Amino acid sequence: MNIFNKVASAALGLAVLFSGAALAQDKVKLTDITGREVEVSVPVEHVILGEGRQMYFVAALDAEAPFKRIVGWRDDFKKADLDGYNAYLEKYPEMEKLPTFGGMKDGTFDIEQAVALKPDVIIMNIDAKTATEEAGYIEKLGKVGIPLVYVDFREKPMLNTEPSMRLIGKLFGKEARAEDFIAFRAAEIAKVTDVIAKATDLKRPNVFMERAGGYSDDCCMSFGNENFGQMVELAGGKNMASEFIPGTFGTVNPEQIIASNPDQVIVTGANWELYVPGGAWVGVGPGADAAKSAEKLAKLTERPAFTGIKAVKDGNVHAIWHQFYNNPYQFVAVQQIAKWLHPDLFKDLDPDQTFRTLHERFLPVDYRPGYWVSLNAGN
């Protein structure tokens, strides 16, 4: 039995906002990122976000009212990106009243609560697929007419960002806006990849990407040939950890870092005060204090894993916003990494302005610098 009470006139108003959008509450078959065919009534009016940080892509499509469709979300946004969360909270205080969920991966997702909210769709990240299937959530939700679709900005972001944005654009009736975003993203990536492709005798520096440096005492989490690892390659570097990590995420031993002697080190960070209060993490992000970020970054270079390596000696140690690893804004990170690795090639490239333009064109909150910092005074 269908549990939804749909309001056709309201849906029609949403549907005609953009040309090419589906008619009010049309039932369509969509293919999600996993290749599953899912039947959904579009444009959707009530959405549950399987991760709170999915607001990064929701806001890009629903900039005029980013929370108008959201009836519930996972409770990670505030914990994982406190500064970003607060930037939205200042403008949209009603967001704190949204029902929150635990994660499917840790088994704390409350399916009864989700059903009670009568969503038109639940959007999940692909990394939750195994847990979702093992718990039988898709079948349970299907029995009450709630479809679930997967998107991906994390496991294979450079491959799946465009189809994910198109899928969400179709769900929201914002196909034209999704295409505008995709075109902007592609053009900004090309500002790096076109230059790299034309560069003669390009020397790719050896780069160690540390994932969430200082989040714990362990060292050192990193990226294989996907996510930030691939961003390094696109930016004209050699991702050191690809040789040791076969998938997207993994760990590199401190001894291996010393032996590999990277030319550059880039650490990801964010404001994780709610996860690790007073931790050694580097709190880069919207509005971050650059001096404080640099101080914490310098402290991380004193760990045994970085003893005597070239990057530390030369001051080529940087920190960048961790959340670039899980949203459609990765192209900004590619630009900034390219400037660090090849400052002469990209002296005219301005990633800060790129991110500012992204905010002005697509996002509902103002841009606040602070998303990266470097120990190299020239960068």
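One is the number of the first residue; the rest follow in order along the sequence. None of these values were measured; they are calculated from a predicted model.
A salt bridge does not link Lys299 with Glu295: none of the charged nitrogens is closer than 4.0 Å to a carboxylate oxygen. Residues Glu302 and Lys296 are not paired through a salt bridge, judged by the lack of any N-O separation under 4.0 Å between the basic side chain and the carboxylate. The pair Arg53-Asp76 counts as a salt bridge, with a side-chain nitrogen and a carboxylate oxygen less than 4.0 angstrom apart. A salt bridge is defined here as a Lys NZ or Arg NE, NH1 or NH2 lying under 4.0 Å from an Asp or Glu carboxylate O, and Glu162 with Arg166 meets this definition. Salt bridge status for Glu45 with Lys68: absent, with no side-chain N to carboxylate O gap under 4.0 Å. Lys191 and Glu188 are joined by a salt bridge, as a carboxylate oxygen and a charged side-chain nitrogen come within less than 4.0 angstrom of each other. Salt bridge present: Glu39 and Lys27 bring a charged side-chain N and a carboxylate O closer than 4.0 Å. Asp194 and Lys198 are not joined by a salt bridge, as no carboxylate oxygen comes within less than 4.0 angstrom of a charged side-chain nitrogen.
Criterion: ILVMFWY side-chain heavy atoms under 4.5 Å apart, direct or through other members. Under it, Val58 and Leu358 are part of a common hydrophobic cluster. Both Ile70 and Met165 sit in one connected hydrophobic cluster of ILVMFWY residues. Membership requires side-chain heavy atoms under 4.5 Å apart, directly or through other members.
For the pair Cys220/Thr251, no side-chain contact is recorded, criterion being any heavy-atom separation below 4.5 Å from C-beta on. The shortest side-chain heavy-atom distance between His359 and Val365 falls under the 4.5 Å cut-off. Phe331 is not listed as a side-chain neighbour of Met231, based on a closest heavy-atom distance of 4.5 Å or more. Side-chain contact between Arg204 and Leu202: present, with at least one pair of heavy atoms (C-beta onward) separated by less than 4.5 Å. Ile138 is listed as a side-chain neighbour of Arg36, based on a closest heavy-atom distance under 4.5 Å. The closest side-chain heavy-atom distance from Arg356 to Pro369 is below 4.5 Å. Inter-residue side-chain proximity for Phe208 and Phe306 is flagged as met; some heavy-atom pair is nearer than 4.5 Å. Two residues are said to be in side-chain contact when any heavy atoms from C-beta on lie closer than 4.5 Å; Asn160 and Val151 fail this criterion.
Between the CG atom of Leu141 and the CD1 atom of Ile111 there is a distance of 4.0 Å, given to the nearest 0.5 Å.
The aromatic ring centres of Trp281 and His322 sit 6.0 Å or more apart.
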Inset, instruction - Take Phe57 and Phe181 through the test ring-ring contact (aromatic ring centres under 6.0 Å, His included) and record every step on the way to the result. - result: CA-CA 10 Å; Phe57 65 68; Phe181 182 94; over 10 Å; no
Inset, instruction - Starting from the C-alpha separation in whole Å, work towards a yes-or-no answer on side chain to side chain donor-acceptor pair (under 3.5 Å) for Thr130 and Glu134. - result: CA-CA 6 Å; Thr130 299; Glu134 289 177 351; 5.8 Å; no
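Counting all heavy atoms, side chain and backbone alike, Gln323 lies closest to Ala80 at NE2-O, 2.8 Å. Of all heavy-atom pairs spanning Ala319 and Val282, the tightest one is CB-CG1, 3.8 Å.
Residue Phe77 is tested with Tyr92, Phe101, Phe67, Tyr56 for a ring pair (Phe, Tyr, Trp, His ring centres under 6.0 Å); the sole match is Tyr56. Checking each of Phe324, Phe228, Phe244 against Phe223 for a ring pair (Phe, Tyr, Trp, His ring centres under 6.0 Å) leaves exactly one that passes, namely Phe228.
In this pair, Tyr215 and Tyr275 present their aromatic rings perpendicular. The plane angle is above 60°, beyond the 30 to 60° band. Below 30°, between 30° and 60°, or above 60°: for Trp321 and Phe355 the angle between ring planes is between 30° and 60°, a tilted geometry.
When only modelled atom types and interatomic distance are considered, Thr34 and Asp32 share a side-chain donor-acceptor pair under 3.5 Å.
By the 6.0 Å and 45° rule, Arg154 does not stack over the aromatic ring of Tyr325.
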